[in-house]
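Structure, as structure tokens:
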Amino acid sequence: MSAVSVKHLYVTLSSRNEAASIITDLSFNIASGKILGMVGESGCGKSTLALALCGLLPARTSLIEGSIKIGEEELVGMSPRKLRLIRGSKVAYIPQDPMAALNPTITIGAQLMEAPREHLNLSRKDSKKLALELLDLVQLPSSEKFLRKYPHELSGGMRQRIMIAIAMSCKPILIVADEPTTALDVTVQAEILRLFRKITSESGTAVIFVSHDLGVVSQISDEIAVIYAGEIVEYGSRKDVTHNPLHPYTYGLLSSVPELNDQDARWMAMPFIGGKPPDVYERPTGCRFAPRCSFRGIDDCESTHSELIELAPNHWARTKHPIKNNLIDLPRDLNQSYVEHSDANQSILRVSNLVKIYGAGALAHKAVDDVSLEISKGTTFGLIGESGSGKSSLASCILQLNGSYLGDITFEGKDISQGSTKDLRELRRRMQVVFQDSHNSMNSKMTIGKLIGEPLEIFGSDTPDQIEVRVKERLHAVGLNSQIMDRYPRQCSGGELQRACIARALILNPSLLICDEAVASLDVSNKAQILNLLREIQAVEGLTILFISHDFATINAVSDKIGVMKNGKMVEQGEPAEILLRPQHWYTKQLVASVPQLERVN
Amino acid sequence: QAASAAKAKPKSTAKAVPNVPQRPVTVAMAVDPVSLNPLEQRVTDTYSELRNIYDPLIDSDGKSKKLTPILAKSWKFIDPKTLQLTLRSGVKFSNGAAFTADDVVYTVKALLGKLPESKPALAAYLYPTLTDAVAVNATTVNLITSSPTPRLPIILPQLLIIPNNSLGAGSTLTTTPVGTGAYKFVSYTPQKELVLTAKSDYFLGKVLIPKVTFKTIPDVTSRLFSFSTGEVDLIYGLLPSQIRSLGGNPFVKVVSKPSTRMAAIWLDTLNVPALKKLKVRQALNYAIDRQGITKGLFQGQATPTNALAPTFFDPLDNKLKPYTYDPAKAKSLLKKAGFADGFDMTIMVPQARYILGVEAATAVASQLQAIGVNATIQEVSFADFAAKTAVRDIPEAFFGSYGSSGPDPLLLYNAVVRTGVGFSWYNNPTLDALLDKAQSAADEAVYSKALIDAEGIIYSQAPFIFLYANNITWGLDKRLAFKPNPIQVINLFKAKWIS
Amino acid sequence: MDFKKRGEMSDLIKTQAESSPLKSHGLRLYIARRLLQSLFVFFIVVTVIFVISRMAADPVATLLPPGATPIDRENLRQSLGLDKSLIDQYVIYLNNLIHGDFGISTLYNVPVLPLVLNRCVPTFALALFAILWASVLAIFLGVLASLRPGSIFDRILGGIVSIAQGTASFWLAVVLLYIFSVKFRIFPVTGNSEGLKSFVLPGISLGLAPFVAILRLTRSSMIETLKTGYIRNANSRGLKTTRVVINHAMRNIAEPILSYAGILFGGLASGAVITETIFAWPGIGQLSMQGISLGDYALVQAVTMLASLTVILLNLIVDLINLKLNPVAREKVKQYGKL
Amino acid sequence: MENFNSAMTEANISIKRRTRRRIISLWIGLSILFLFIVASILTFFLHKGAYEGNLMKTFLPPQWQSGGSNGHFLGTDELGRDLLSRIFYGIRESLLIGPISVILASILGLTFGLLSGYRGGWLDSLLMRITDGILSIPILLLAISVIGVIGASTLTLIVVLAISQWMSFVRLIRAEVIQLRQKQFILASRAIGANDWRIMFKHLLPHLIPSALVLATLSLPNVILLAAGLDFLGIGSTPPKPTLGGMISGGLKYLVNAPWMAIAPGLALMFLVVGINMVAESVREKLEQSA
Ligand SMILES: Nc1ncnc2c1ncn2[C@@H]1O[C@H](COP(=O)(O)OP(=O)(O)OP(=O)(O)O)[C@@H](O)[C@H]1O
Ligand SMILES: Nc1ncnc2c1ncn2[C@@H]1O[C@H](COP(=O)(O)OP(=O)(O)OP(=O)(O)O)[C@@H](O)[C@H]1O
Ligand SMILES: [Mg+2]
Ligand SMILES: [Mg+2]
């Protein structure tokens, strides 16, 4: 018998004046000890599902219909009181951000012991014993001293381990983990994934693992459900789904997972699914994926809504036209391959022995420790490293946005460290930056048009009309419609906004563009499109790019040269292929090994 | 002038009803005593409280020239500048020490700042001519003045006698007063209460009320509330409207007595062109509806006046024809004076100082507006008021209510109309000459004539807008026999419970 | 998937071993820093009061009796050092303060400092009473309201609080006095001599404003706290609401409420001026009211300085308590000696 | 499906209801304020009744009570002045002084908060210590000290009230600027070469307006109450301007005989504050929702 069985689940949420059916007709089972990976783009209803399964949706504004059976208990229609007793004991929840989920003012020991004391009526002593066992289970030092620690004393990975320990504390039937590793570094993510596997197989707890990253899901899951616009579009064993995708959406997701070993990545356009999932209020009546599907129009799929069909044994898909196996060899749009820009030997930026120290005296902290690098004109330098390794610090030193530092930076043949205010102004024109969080790096109180035109306003003597013309040109170049000029940042999607950021950075025609995690917060398709765009612009305009990322696949796809940072030091530099195939430093080796990858069939 | 003490004594005790049990009395006061040292205060309330602990040499009833011997048996001028007093013997301070001439000398020296390392005490300004005191023998003392001061005895009631050598280093007088008075000091909690008990061997007779508590209640409404609930037995300074609210209360008695304070608008006749004109000043006086103010605002608890001094002061000319309420006449006078279109006149008035003072000033201003004078009022805190009048920084006029420090019109005139003195904004050599004459007149007839003439000048020259004399309203428990005094001194020596 | 055990453990060890450079004396450093800061703040207060006192057209005029002569005035001017330059006056003033000389009360003719200190106790007792009922009731009601924002209870309470805020405390005081003391004779009209009974009416009028403020603060910070990830997560563990509120949320709203203590006390000191006058309460509020109406500025200034000194010290203490309650801040202080 | 729909509508109603409630309370608040504003405007035609009394008609009770007079809806005071006209005047005074001082406070607060938060360093420390200092002085005592020394006038009152509030504005704005300063759009603006003035006034200021607005609406009732307190103590606006606080203090003396004299202005003050509060809360909720 399956541990968890969900049948014809409908979830409707209400906000403002409208009711939105977020999830429609969702069914699946999980056996104990198995992991179900739930994958889909942002806004497809993954988190809503996770909350519904834990009975955590606010009763007053949500409506759940259908059946959720956890063990023997039917959750739908259960009284709030009973639901509370189920939560934590039968079904546990692990959220994305472990820092926000732990109370900063209470010791982790107390937080670990809470649920057992509530649900199992354990005494203080017993619950402490249990807490120590749980620490052991999640491979943390099981000492009383550790129990007395506060969340802020732990690293992100350790906190997520604590969250897992808390979830496991009452030996639940089901753990729902909503993107539990998204906020973590790859190396830590790999550890956590291993831990999940170990615990489920040992304890028999079933896990629903929600993620938007098919790579991650394919590493951990026994079964995979691909969710799109509130419904499952494909459902089957891991192998079936990743090797023989039947639904075009699954196919698109699979093809946009970059491949590390791909020697040609630098020169190939990255595949992506155009468009974005439909708004909950405007879902198509026919196949919900139809507007984005390259196979649409074959039949009436645009008008009729297909059922989930078992197309192969235990492999369901919501389509009448499954993709053929032979198509699985991922096609590349070779029309758009890029030409290498020539002046490769002419150095545009040279950083030598850069040291950045924050604080002073006993509190001094070396964020960048003796880093040297050189970038040739028209090429891309990829900088990779875990969070806190000093990538951004290095970038802002180069941009002269970070106060004083030690060492020399030469840009376009000039030492820019001792520039005057006038030199600094000139530098701003020549060197630009795009940040990770486009919502944060755009002033929400100004229109896109004003924001993009602002550098011209500051530097140029252009009239407002001239500015408008140039802004329109740039918008066009980054693939945006000029109508967007009158919109405010919050009225734009992440992808649009990141394009606007790029337009803003490029409007002064700089020679060096620094992209600090410029695509990290975008979903796969947007990420691919932006990377394609950057490389296109580089090819056309001869732009030099310093590309910072913590994601190896991304770096691999854009860089001519890669630098790996760890604890402020540059531990390794070289050609991408070199680094990937023959990493020298132990950290680089670990990094390369941790990258979640699809097992692909050859 | 001297009266016999023996006469007063049997009178006070004879009427006592022996079988009424005597209970403590609680009195509501608006402010704390400023100091427990009688020389370091200049506030009626404080004097009132300390009067029960200390005795003066001579006492007065506050309205007539009649003086009562207390610590002094008799007094006479042995020369125009020397007043000789014969002291009572056998009087004891509450610490057991006997009262002698040395105590008087010490008190005067302390007052004038003539002790080593001392400066003039706060109350010294009342005695501008007093220069020294000399003990002749144990029961005789001479008070010496710098110029002839025939009316020195009238202001001596303000001088409460402290024991010899009681001030200076290690003095406890300011925390535990020691006096010859009817009551002994028990305790003082600032902003709460001053508690006294009856002295068993008071030299003027038996003290009936066993314990007196002066309770400080600053808020006027709370004061009324605590009286109407019986928390206090005696209260004064009730507002006219509060009298009505006590009307239905069968346990209390309300007594209204004319006070010595005369309310008037001081006019700056020295600097303001309009006010320099007599016709204007008269016009202003004709514009005031005194009856309206005393009846409407004061609910009858005030009397219209045309003089500066209270009617019961002596000598006073009671035949003067009062300024009537005649706006038409006022207007025509203004016109004659060349101010048909009026003029600007700001009237400064202190807050929370005089009973209904601000309200009265407001009424005056609106009545002046009715005859075309652009009168506005400017409320200031009493501290500001005092400061501004002291530095003579006043607008065109101010509202004041001046109480005489003794029952003598001359004291009043000297303080408010004599050219160049602190509270005078008027300059009239004829008047000054009259006042000088009265000042040094040892002969009563000369003195009276000069003062009556002076009054006539003040009346007809109108350097003020005369307003009213308001009553002081006392509330007391019906069963308490106590005679309120016009200068608001609460001496409980003769008070008693009668049922 | 070949993991190097070394790398994984090194990550663990790193975070544990990343010990702070200052751990031993960071706390002391912080306390010293805060003390100095408080001292500086008090210095600013003192300076502000000095500036205000010299803004008067003629400071002497307000300090002398009406009968004073120009000579008296000149003498006083000299003894106050008013004939000297403003800087000299300031130095003299500071020097006096350091020696505990806050000036002479013109009203009582004694040094003001002992005068004021002697009368602090009743004021503190009343303030304590007011703050106790106000905070206990306000926190209780505020938490209840925050659990279901928008519920009928919340809205009724909101209405009451709004009306309470609009009720001027001086108005309420007299109306209460009239109803409960005069009409029903339940409580004494004035004074503090009838034990707890005396505290009721002045306590209510004085506590009204803090009650409103604390209730609003509790409600809004509780609503914010209940939205945080860890509260939602505590819910996902199936804990009882009361337990979530008491174990998790209360701790987190303690900080904003405690941080409000300084401002609250300042408000109480202001309120005491009016309340004590109406109820004839023998404390510094009434004293300063007397000082105000009779122009005893030295007195008012001393009360002001002491009140703000109390506020400053309170803020200091609250900061230290918050350190105790907030391990993140504590850690930070231990490490860096500052927040 | 029947069930579903009814449940859905219920869920919707609760949200709709909340919005509707907000709008209702906004409208109630606005109508109260509108009435009060009309009343203040009426005062320009009422001069006589409020200032000029009829000494023959003192202490008249409200019109509906026995002994009440037709011309005087709420009765008269100790000088026979019409209480209603005086209350209108008092409201006008509150509605003038309150907003002006709050505006003054927010302008000061915005400027200094922006400088302090953006510049940081010694300027920030100094400004913060100064605000700490002034905030530590009990506001009534501060007001009393200032007014006691330089004298009461409408201008003094406004300045004192503004002083009492601007510190909270500085603190709020500063805290917000410090938060905003860390946001990437500031770094991004610096990267495109914007100077400090541009960043402060073009980029930061628009973000600060909503919270300044919220704080302003929240401090308006406080200011009005504080002004009433000062008027109660007799150190607020210069008399004989009728003020609500002054009328309460005057009226309380006659609480036993003429209770209307204290109760009417007290209620007017209460309604004024409640009205402003209702509007303020709605504005705050609205701004929070859109944020
Ligand atoms: N109360 C609500 N009313 C209406 N729509 C809602 C409500 N809550 C969420 N939604 C919408 O439901 C959709 C699904 O949201 P959900 O958070 O479950 O997506 P997700 O797949 O977890 O996305 P992500 O990857 O970004 O976390 C979104 O489009 C969201 O805008
Ligand atoms: N302004 C600052 N003051 C003090 N320390 C800082 C400051 N900025 C960054 N640091 C510290 O410097 C180190 C490097 O930070 P940096 O932001 O450069 O890392 P990163 O590699 O960009 O990390 P991420 O991937 O999380 O963006 C971190 O330990 C960080 O805490
Ligand atoms: Mg989600
Ligand atoms: Mg970074």
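Here is the naming used below: chain letters follow the sequence lines, and residue numbers restart at 1 for every chain. Everything numeric in this text was worked out from a predicted model, so none of it was measured.
- Put simply, of Leu269(D), Ile263(D), Leu142(D), Leu272(D), the one with the most heavy-atom pairs under 4.5 Å next to chain C is Ile263(D).
- Within the 4.5 Å cutoff, the side chain of Leu141(D) has heavy atoms near those of the Val273(C) side chain.
- Between the side chain of Ser308(C) and the backbone N or O of Ile137(D) there is no donor-acceptor pair closer than 3.5 Å.
- The interface of residues 161-169 of chain D with chain C, defined by heavy-atom distances below 4.5 Å, is empty.
- Of the listed residues Asn315(C), Thr304(C), Leu309(C), the one with more heavy-atom pairs under 4.5 angstrom with chain D than any other is Thr304(C).
- Considering CZ of Arg129(D) and OG of Ser38(C), their distance stands at 8.5 Å, rounded to 0.5 Å.
- Both the backbone and the side chain of Ile163(C) come within less than 4.5 Å of a heavy atom in chain D.
- Residues Phe40(C) and Leu126(D) form a side-chain contact, since some pair of their non-hydrogen atoms from C-beta on lies under 4.5 Å apart.
- Of the atoms belonging to Ser162(C), heavy atoms from both backbone and side chain fall under 4.5 Å from chain D.
- Atom-to-atom distance recorded for Ile144(D):CD1 and Ser288(C):OG is 6.5 Å, nearest 0.5 angstrom.
- Met270(D) places a side-chain heavy atom less than 4.5 Å from the side chain of Trp171(C).
- The list of salt bridge (charged side-chain N to carboxylate O under 4.0 Å, His left out) pairs with a residue in residues 250-275 of chain D, not counting sequence neighbours, reads Glu359(B)-Lys253(D).
- Only the side chain of Ile278(C) has a heavy atom closer than 4.5 Å to any heavy atom of chain D.
- For a residue to count as touching a neighbouring chain, one of its non-hydrogen atoms must lie under 4.5 Å from one of that chain's; by this rule Gln37(C) touches chain D with backbone and side chain alike.
- When side chains are defined from C-beta on, Thr277(C) does not count as touching Leu233(D), because their heavy atoms never get closer than 4.5 Å.
- The candidate with the highest count of non-hydrogen atom pairs below 4.5 Å against chain D, out of Ile274(C), Thr167(C), Leu268(C), is Ile274(C).
- Between chain C and the options Leu140(D), Val273(D), Leu135(D), Leu267(D), heavy-atom pairs under 4.5 Å are most frequent for Leu140(D).
- A donor-acceptor contact under 3.5 angstrom links the side chains of Gln165(C) and Asn222(D), judged on distance only.
- Heavy atoms from other residues, nucleotides or ligands lying under 6.0 Å from CZ of Arg181(D) number more than 12.
- Interface residue Val174(C): backbone and side-chain heavy atoms are both found under 4.5 Å from chain D.
- Only the side chain of Met289(C) comes within less than 4.5 Å of a heavy atom in chain D; its backbone stays farther off.
- Taking 4.5 Å as the limit, every side-chain heavy atom of Ser145(D) sits out of range of all side-chain heavy atoms of Ile49(C).
- When the candidates Pro259(D), Pro221(D), Gly275(D), Gly133(D) are compared by the number of heavy-atom contacts under 4.5 Å with chain C, Gly133(D) comes out ahead.
- At a 4.5 Å heavy-atom cutoff, the contact between Ile248(D) and chain C is made by side-chain atoms alone.
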